[in-house]
Amino acid sequence: MSEHHIDEVKKSVRIYITVFVALAALTVVTVAVSYFHLSLVAGIAVALFIATIKGSLVACYFMHLISEKKLIYAVLALTVVFFFSLLLLTLSGHHNTITGTQIVS
Amino acid sequence: MPDTIPYTTHERPDTGLYNAKIGIWLFLASEVMLFGALFSSYVLLRVGSTNWPLGHTILNVPIATFNTMVLISSSVTMVMAWASLKLNNFKKYRLYLGLTVLCGLIFLVVKGFEYNAKFEHHLFPSTSTFMAVYFTLTGLHGLHVIGGIIVNAYFLGPGSKMWFKEPERLTNRIEVSGLYWHFVDLVWIFLFPVLYLL
């Protein structure tokens, strides 16, 4: 391996440590926020926002998505579309009731 | 030695990737859909229910926070194992991969104690929709952790011999194994707040 590559890996190692510290700190923040007893909607929004940041850090740096080949981005873009379609389809089922239908709970 | 599996170290000209890498990403895409189906079921069940318990009233948040830290630590040791191979440091590779396996085992043991506590309080998957969702999601995630431990333990033991014959191929194998392990960590990052905090 060339000197240039070794330097690059060493630089990456420093980034991995920084990401680890950020992930640990964000975990503490998530738990701390849950003790504030926010409203349900605000609580869900904040928790999912922090989880998305943490997930992005793992995906971008540990899974190297920050500098990946186009084909992998294409596969993931398709996955994202299908994932949200799945979520929205099931949710649309919840609101999609035939007029006059009574929901028994 | 003949290379029976093509493109294990060299990139395929059309994809620009070695084969295992595109393979693992396609597999992870299918995993996203597997967990996605369960997450969407959770959302539908929760939205459709008249009352839903807050996770922290039933589940143990401090223990789950500890387990989150364990899994995050295992992710960083996993990527450090791969970086160690890139830096030609086989000893450090084994140290970091060993720590990754250890963290995975700690996660499972803690989860086992957590499950046991629930059973002692007569909380089973059949108790409520919430408990069914909890056991299904964490159970499936736990199975993924077990799978990752088995693969990493192989690369720590007999699989590591490849370093002396085909170091680049082993480095790529560890990258692929790492991608799976980070995905397992990523799933937990979402499971933790969804089940325990909301």
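Chain identifiers are assigned alphabetically (A, B, ...) following the order of the sequence lines, protein sequences preceding nucleic acid strands; residue numbering begins at 1 within each chain. The basis for the numbers below is simple: all heavy atoms, side chains too, and nothing from hydrogens, waters or symmetry mates.
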* With side chain to side chain donor-acceptor pair (under 3.5 Å) as the test, would you mind laying out the steps for B:T100 and B:T77 before giving the verdict? => CA-CA 6 Å; B:T100 308; B:T77 53; 2.9 Å; yes
* Structure fact -> In terms of heavy-atom pairs under 4.5 Å with chain A, the winner among B:E11, B:K21, B:H56, B:M78 is B:K21
* Between A:T79 and chain B, which part of the residue has a heavy atom less than 4.5 Å away: side chain, backbone, both or neither? -> both
* Over 12 foreign heavy atoms within 6.0 Å of OH, A:Y61 -> no
* Most contacts with chain A, counted as non-hydrogen pairs under 4.5 angstrom, among B:L17, B:V61, B:V187 -> B:L17
* Structure fact -> Counting heavy-atom pairs under 4.5 Å with chain A, the top scorer among B:V79, B:V194, B:L54, B:V43 is B:V79
* Structure fact -> chain B shares the most heavy-atom pairs under 4.5 Å, among A:V58, A:L86, A:I50, A:V80, with A:L86
* Between B:Y18 and B:E175, a side-chain donor and acceptor under 3.5 Å -> yes
* Asked: Of all of B:L26, B:L186, B:D185, which one pairs up most often with chain A through heavy atoms under 4.5 Å apart?
  -> B:L186
* Asked: Looking at A:A24, A:G43, A:A59, which has the largest count of heavy-atom pairs under 4.5 Å with chain B?
  -> A:A24
* Go through the atoms of B:A37 and report whether side chain, backbone, both or neither lie under 4.5 Å from a heavy atom of chain A. => both
* Please work out whether the ring planes of B:F39 and B:Y42 are parallel, tilted or perpendicular, with thresholds of 30° and 60°. => perpendicular
* B:L191 side chain near B:Y196 side chain, heavy-atom distance below 4.5 Å -> no
* Begin with the C-alpha distance, continue with both residues' side-chain angles, and end with the deciding distance and a verdict on ring pair (Phe, Tyr, Trp, His ring centres under 6.0 Å) for B:F135 and B:F119. => CA-CA 11 Å; B:F135 279 112; B:F119 297 149; 5.5 Å; yes
* To do: Pick one of side chain, backbone, both or neither for A:L40, based on which atoms fall under 4.5 Å of a heavy atom in chain B.
  => side chain
* Of all of A:V33, A:L71, A:L48, A:V19, which one pairs up most often with chain B through heavy atoms under 4.5 Å apart? -> A:L71
* Under 4.5 Å heavy-atom distance to chain B, tell me which part of A:L78 shows up: side chain, backbone, both or neither. => neither
* Does atom NZ of B:K111 have more than 12 heavy-atom neighbours from other groups under 6.0 Å away? -> yes
* To do: Would you mind checking which part of B:I189 comes under 4.5 Å of any heavy atom in chain A, side chain (CB onward), backbone (N, CA, C, O), both or neither?
  => both
* **Max heavy-atom pair count under 4.5 Å with chain B, selected residue of A:H64, A:E68, A:K10** => A:H64
* Closest-packed option against chain B by number of heavy-atom pairs under 4.5 Å, given A:I17, A:L88, A:T52 -> A:T52
* Should A:K11 and A:E8 count as an ion pair when the cut-off is N to O under 4.0 Å? -> no
* Structure fact -> One option among B:W82, B:F35, B:W181, B:F183 has the most heavy-atom pairs under 4.5 Å with chain A, and it is B:W82
* More than 12 non-hydrogen atoms from neighbouring residues, nucleotides or ligands closer than 6.0 Å to CZ on B:F124, yes or no? -> yes
* Considering only heavy atoms, which portion of B:S73 lies under 4.5 Å from any heavy atom of chain A: side chain, backbone, both, or neither? -> both
* Under 4.5 Å from any heavy atom of chain A - which part of B:S75 -> both
* To do: May I ask you to check whether B:Y115 and B:T138 show a side-chain donor-acceptor distance below 3.5 Å?
  => yes
* **Region of A:S12 that comes under 4.5 Å of a non-hydrogen atom in chain B** => neither
* For A:L65, is it the side chain, the backbone, both, or neither that has a heavy atom closer than 4.5 Å to a heavy atom of chain B? -> side chain
* Does OH in A:Y73 sit with more than 12 non-hydrogen atoms of other residues, nucleotides or ligands closer than 6.0 Å? -> yes
* How about B:S177 and B:N152: does a side-chain donor come under 3.5 Å of a side-chain acceptor? -> yes
